[in-house]
Structure formats: C-alpha cells, structure tokens
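Let me begin by presenting the structure, written as structure tokens, before commenting on it.
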Amino acid sequence: MDKILRINMGADGGPAINAEPVGDYAGSGGRGLTSAIVSKEVPPLCHALGEDNKLVIAPGMLSGSTAAMSGRLSVGCKSPLTGGIKEANAGGQPSQMLGRLGYAAIVLEGLPQGDALYKVFINKDGVEISDAGGLKGLGNYDTVDKMKAEHGEKISCISIGQAGEMKLAGASIACTDMELRPTRHAGRGGVGAVMGSKGVKVIVIDDAGMKMRQPQDPDAFKEANKVWVAGLRKHGLTGEALPSYGTNALTNVINEAGAYPTNNFQKGQFEGASNISGETQAELEDARGGKGASTHGCHRGCIIRCSGTFYDKNGQYVTKQPEYETVWAHGGNCGIDDLDAIAQIDRLDDDFGLDTIEMGATIGVAMEAGLAEFGDAQAAINLVKEVGKGTPLGRILGSGAAVTGKAYGIERVPVVKGQSMPAYDPRTVQGIGVTYATTPMGADHTAGYSVTANILSVGGTVDALKPEGQIELARNLQIATAAVDATGMCLFVAFAVLDQLETFQALIDMINAFYGLSLTADDVTELGKSILKNEREFNFAAGFTSKDDRLPDYFKKEKLPPHNITFGVTDEELDQVFNW
Ligand code: SF4
C-alpha cells in the first residue's frame with residue numbers, strides 16, 4: 001500500500017485523478033491514517049459538506065494480507081452529524097481489495113459542479129471516473145445490481161443510497177459483503193452525506209490479477225498468524241458465542257443486566273427481549289434458511305464469522321442477520337419485539353444508506369414526541385420510508401435524533417456531540433457512559449467498549465453500577481481501540497486480545513513480521529494515544545471544549561429502572577480521561 005489515490009471532484013473540466021506516493025503517511029493505516037489526513041489537511045472550522053472537507057477511505061495496516069480478521073475499512077472526515085472528526089468502520093470486501101491494489105487510502109476532495117454524480121472504477125490498470133447520472137435516486141441494492149451487470153461478480157462496491165445523495169446527517173456508506181450485497185456499513189457520523197457532497201455514488205473495486213500483500217518476514221508472519229487464529233478460536237466469545245448467535249447474543253445478557261435501553265432509554269429492561277434475542281434469531285434463521293445460514297464472515301479471512309442471513313417466512317432473502325445494535329435500535333428502543341419487522345427496517349436502512357443506530361434512536365425520539373406509539377412496528381417502518389422518499393418529515397428524521405428532538409421539542413434525546421447512543425444505558429453500564437461522553441467520535445460504543453469489564457468479565461471486572469474504576473477502564477480501552485482500528489482488524493478480536501496475552505502478542509508479532517518492525521506493547525499504546533491526540537486536537541480547533549464531553553443532563557437526574565440509579569461519574573472525573 002504505497003500510494004494514495006486523490007480525486008479532486010472540483011477540478012476544472014471534471015474530476016482529476018492523482019495517485020501519489022504515500023509519503024509522510026507511510027506505515028499508517030485504517031483509523032490511524034484517516035485521522036492523520038483529516039487532522040492535517042481539513043480545516044477544523046470548515047463546513048462538513050463544503051469543498052474543504054475530505055472523505056478519506058483507508059484499509060487497515062494488515063488489510064490485503066493473509067492475516068485473519070484484517071478486512072476492516074476506515075472512513076474518515078469532518079462529520080456533518082457531530083461537527084467533529086469522524087472515523088466510521090465497516091466490514092465487507094473493499095478493504096482487502098484496496099489493500100491488494102496497493103492503495104493506502106482514497107481521498108475525495110473538493111466539490112463537483114452542480115449536481116453531477118460519478119462512478120469511480122479502480123482495477124490493476126488504474127482509475128476511471130464516469131458519469132453516474134443513471135444511478136441517481138437508486139438505493140444501494142439497485143446500485144450494486146447495476147454494477148454487477150456492468151462489471152461482473154468479482155468486484156466489491158462502496159456506495160451511497162438516497163440518504164447520502166440527500167446529504168442527510170444520518171447517511172451511511174455501504175460496503176458489499178462476500179455475497180456482493182451492500183450490507184456492511186460505515187454507519188456513524190453521516191459519512192454518507194460527505195460522499196454525497198463529493199458527488200460520488202459508487203466506487204467499484206476489481207482486484208483481479210493482484211496478489212496478497214506479502215510480509216517482510218513470511219515465516220514469522222505465518223507463525224504469528226497461526227497463534228492468532230488459535231487464540232481467537234480458543235476464546236469463548238470469539239470461538240463460540242459470536243459464531244453461534246452473532247452479536248445479537250448480547251440481547252439477553254444486556255437485558256438481564258438491566259442495561260437494555262427500552263422505549264427511548266426510559267427503562268433498562270424490555271419485556272419482549274426474548275422474542276428478539278440472538279438465540280431466537282438463530283433458530284428462526286436456521287428454520288427458514290437451512291443450517292449454516294446463521295454463520296459466515298462478512299469478508300474473506302474472517303474466522304469469527306458473526307454474520308448471517310435473514311430470510312422471510314417464504315425463505316426469501318430479506319437482509320443480512322441484523323446485528324445486536326440494529327435489533328436493539330429498531331427493537332427494544334422502540335418497544336418492538338418482532339424480528340421480521342426489525343429485519344425489514346434493517347433492509348430499508350441498508351438500501352437508503354442510513355446508520356441503523358442513529359435511525360433507531362431517532363424513531364425512539366419520534367415515538368416519545370408522539371409521532372407513533374412505542375411498539376408500533378408498522379409506524380416505525382413508515383417513518384423510515386419517509387426518509388427514503390425525502391419528504392420534509394423524512395429529511396428531519398434522516399438528520400438524526402438531535403435534529404428530530406429539536407424539531408419536536410423533546411428533552412430526552414440520547415446523544416453526545418450530536419450522535420446517538422448505542423445499545424447500553426450509561427446509567428447501568430457506567431464505563432460505557434464514560435466512553436460515550438469523552439470519545440472524540442460522539443456517543444460510540446466501539447470507541448472504548450467498557451461493556452467488556454462492566455458486564456462480560458473480559459479483561460477484568462469493574463462494577464457496572466458504580467463510578468469507581470470507569471475512567472481508567474474507558475481510557476485504556478479507547479487507547480487500545482484506536483490502535484486496533486489502525487490495523488484493519490475487526491474490533492471483535494479485542495475480546496481475545498484483552499483476555500489472552502499470547503493473542504495480543506501474536507497481533508504485535510504479525511505487524512512486526514509484516515513491516516519488518518520491532519514494536520512492543522508500549523509502542524502499540526503510544527500509537528493509540530497519538531491517534532486520539534490528533535482527533536482531540538481537531539475537535540478543539542473545531543470549537544469543542546470539555547463541556548462537550550458530557551452526557552445529557554437527564555442521565556444524571558432520571559433514575560433507570562430496574563436498578564433505579566443515575567450516571568454517577570462526575571464532570572471532574574470525566575475531564576481526567578485523557579490525562580495520561
Ligand atoms: S467477526 Fe463479524 S463483523 Fe467481524 S469481520 Fe467477522 S463477520 Fe465481520
């Protein structure tokens with residue numbers, strides 16, 4: 001990965017392509033690279049949809065190699081949802097393919113003339129940009145079908161749906177999975193709106209004729225990869241729970257802990273949880289889709305294989321297996337306990353190109369505002385369809401929970417820095433509350449998944465209901481996560497990495513063998529810190545202060561049943577998270 005593909009969408013005479021050496025950014029990847037480019041090249045005060053913002057799409061450091069689990073793609077920019085720096089992360093095939101084609105990053109710059117829409121095609125021979133006016137208004141599924149018809153089945157696609165074209169702040173960027181379906185999304189922060197502002201509908205990648213990226217020390221790399229795979233297979237979560245039930249294995253666990261945000265964060269337990277749990281979902285999928293339907297990887301080289309396929313009652317494909325966060329967002333958070341309805345909404349989100357977490361939280365706020373009753377699945381489906389149609393109501397909803405809350409005069413809006421909270425109530429998983437409050441990304445569980453020690457007893461144990469120990473936990477996890485996000489590894493490897501020293505060492509050994517380095521665990525920590533430092537500096541320059549590192553007031557005042565407690569970490573303590 002020795003070059004960066006820059007496309008100036010605003011160049012005179014149409015988009016200008018420039019593949020340049022990776023230069024100062026050499027050795028960086030994934031979130032490390034997206035955040036480095038955004039913090040160095042994007043003016044923090046620019047408009048997120050303006051010509052000075054850049055959309056950076058970067059494979060991880062090990063993407064395109066034979067390292068198991070290394071196919072995550074990072075997408076970075078100034079976020080139209082939060083106004084701060086953003087890295088959104090997706091699975092699917094594009095990361096591996098871009099890595100093999102030698103691209104450390106694609107950077108979309110400038111703004112196109114008028115409402116022009118383009119397709120970018122990348123293969124071993126170079127890059128072509130062509131008019132994509134014929135794709136205007138299409139969802140991700142139709143867009144990918146047209147690309148398949150044009151370029152065959154061996155491609156991968158990075159695309160936006162209607163929401164991205166409308167530049168809505170809840171818009172995602174879709175990546176195709178191994179079945180060439182647009183099911184894996186860089187969901188958070190409105191990255192799809194930035195791609196829409198650049199006038200790029202789809203990036204088609206064809207890596208035919210390219211080989212796997214080769215390590216500097218093949219024997220050491222092979223050995224480290226072997227230990228790595230064995231470690232992932234050995235751990236209970238990565239070797240058993242995730243492959244059997246997918247991420248939705250968490251529904252019963254989080255509900256039993258009283259931390260499952262229900263009816264727009266009004267309660268911590270949902271009476272319909274067992275109807276939408278991972279166990280119920282796996283049974284349903286197996287019954288409808290046959291054995292094996294519930295477990296496969298979202299990209300080649302994934303050995304955890306937490307993904308699956310959701311079929312309707314007639315055995316027809318609906319969507320990929322909805323993830324825990326999606327099942328919660330459109331399920332318990334809206335009082336809905338119908339997996340078929342949730343799967344329908346997941347399909348709509350994927351097709352329109354919407355972040356399922358943001359949309360679920362938004363529908364929850366809309367229900368609190370009286371636009372629909374909690375539990376009314378058909379009403380929720382209709383509201384999401386409004387977004388796809390681009391009606392005035394749909395544009396408000398598609399702009400996220402914060403905008404919807406303002407439009408309807410609602411105080412109880414579960415956002416930090418304008419971004420919706422995911423599927424863990426911060427009052428009963430206080431460590432995740434610290435992450436929500438302080439991560440530069442806006443409320444984001446993946447930025448420092450304190451659920452590990454708070455609920456799952458992974459990487460130690462910290463009482464989820466008390467403030468003690470949460471600052472250190474969230475700090476250490478945010479540092480570790482930033483480093484993992486740079487490697488291109490799926491974050492789920494963290495369970496094994498946190499619990500098994502030899503698995504953590506195997507990851508470091510793989511990086512060292514691949515790049516001919518001699519990094520230590522301390523160096524990895526420093527890498528994570530340097531990424532967070534870049535991101536925080538960008539946010540400060542964009543106008544953020546420590547007062548933005550807070551949860552909404554009501555989490556400090558309103559007790560959450562059944563534990564009846566509030567968020568107990570003080571503002572002074574929150575300000576210590578980055579004091580390392
Ligand atoms: S574990 Fe799941 S999310 Fe991670 S790469 Fe595999 S299928 Fe994708």
Side-chain angles (χ1 to χ4, degrees), residues 29-31 59-75 88-99 156 158 172-188 225 228-229 231-250 278 281-282 285 292-310 319-327 346 350 355-357 422-423 444-446 449 451-452 456 458 481 484-498 503 507 510:
R31 177 174 167 187
M61 293 166 74
L62 293 171
S63 298
S65 76
T66 54
M69 310 299 305
S70 63
R72 302 292 294 194
L73 188 75
S74 287
V75 180
N89 197 286
Q93 290 286 81
S95 185
Q96 302 281 32
M97 290 191 172
L98 280 175
S156 66
I158 301 171
S172 64
I173 292 176
C175 293
T176 49
D177 57 21
M178 291 213 292
E179 291 74 37
L180 204 36
R181 290 168 177 152
T183 62
R184 319 306 304 193
H185 287 239
R188 311 238 60 198
N225 199 14
W228 174 242
V229 168
L232 294 172
R233 293 216 163 111
K234 186 173 88 174
H235 195 275
L237 285 174
T238 51
E240 280 178 42
L242 284 168
S244 302
Y245 302 115
T247 53
N248 199 17
L250 281 168
Q281 190 176 20
E285 286 168 5
S294 57
T295 170
H296 64 258
C298 70
H299 67 77
R300 260 178 242 127
C302 165
I303 59 150
I304 297 177
R305 299 191 181 117
C306 78
S307 192
T309 309
F310 195 96
T319 184
K320 90 282 190 186
Q321 179 186 74
E323 308 265 0
Y324 167 65
E325 304 292 336
T326 304
V327 172
D346 181 67
D350 281 359
D355 174 16
T356 58
I357 295 174
D444 180 352
H445 62 301
T446 66
Y449 192 62
V451 178
T452 46
L456 303 173
V458 167
T481 301
V484 169
D485 284 344
T487 64
M489 288 291 171
C490 172
L491 194 55
F492 295 144
V493 304
F495 297 121
V497 166
L498 287 168
T503 312
L507 176 58
M510 270 196 296

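Just follow the structure's listing: the first ligand is 1, and inside any ligand the first atom is 1.
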May I ask you to decide if [Y]'s main-chain N or O and [X]'s side chain share a donor-acceptor pair within less than 3.5 Å?
| X | Y | answer |
| --- | --- | --- |
| Trp228 | Ala67 | no |
| Asp485 | Asn89 | no |
| Gln96 | Arg300 | yes |

Go through ligand 1 atom by atom and flag the ones less than 4.0 Å from a non-hydrogen atom of [X].
| X | answer |
| --- | --- |
| His299 | 5 (S) |
| Phe492 | 1 (S), 3 (S), 4 (Fe) |
| Cys490 | 1 (S), 3 (S), 4 (Fe), 5 (S) |
| Arg72 | 3 (S) |
| Ile304 | 1 (S) |

Glu323 vs Arg184, salt bridge (Lys or Arg N to Asp or Glu O under 4.0 Å): CA-CA, chis, key distance, verdict: CA-CA 11 Å; Glu323 308 265 0; Arg184 319 306 304 193; 2.9 Å; yes

Heavy-atom gap Gly91 to ligand 1 smaller than 4.0 Å: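 Under 4.0 Å: no for Gly91.
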
Cys298 near atom 8 (Fe) of ligand 1: N/O/S under 2.8 Å: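 Of the N, O and S atoms in Cys298, at least one lies under 2.8 Å from atom 8 (Fe) of ligand 1, which means yes.
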
Shortest protein heavy-atom distance from atom 2 (Fe) of ligand 1, along with the residue and atom involved: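 For atom 2 (Fe) of ligand 1, the nearest protein heavy atom comes out as Cys306 SG, 2.3 Å.
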
Ion pair Asp350/Lys320, N-O distance below 4.0 Å: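 Yes, Asp350 and Lys320 are salt-bridged.
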
Part of Cys302 within contact of ligand 1 (heavy atoms, under 4.0 Å):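 Within the 4.0 Å criterion, Cys302 contacts ligand 1 through side-chain atoms alone.
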
Glu179 CD to Gln93 CD distance, which is reported to the nearest 0.5 Å: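 Atom-to-atom, Glu179:CD and Gln93:CD are 9.0 Å apart.
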
Polar contact flag, side-chain donor to acceptor under 3.5 angstrom, Thr446-Arg188: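 Checked: Thr446/Arg188 side chains show no N/O donor-acceptor pair below 3.5 Å.
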
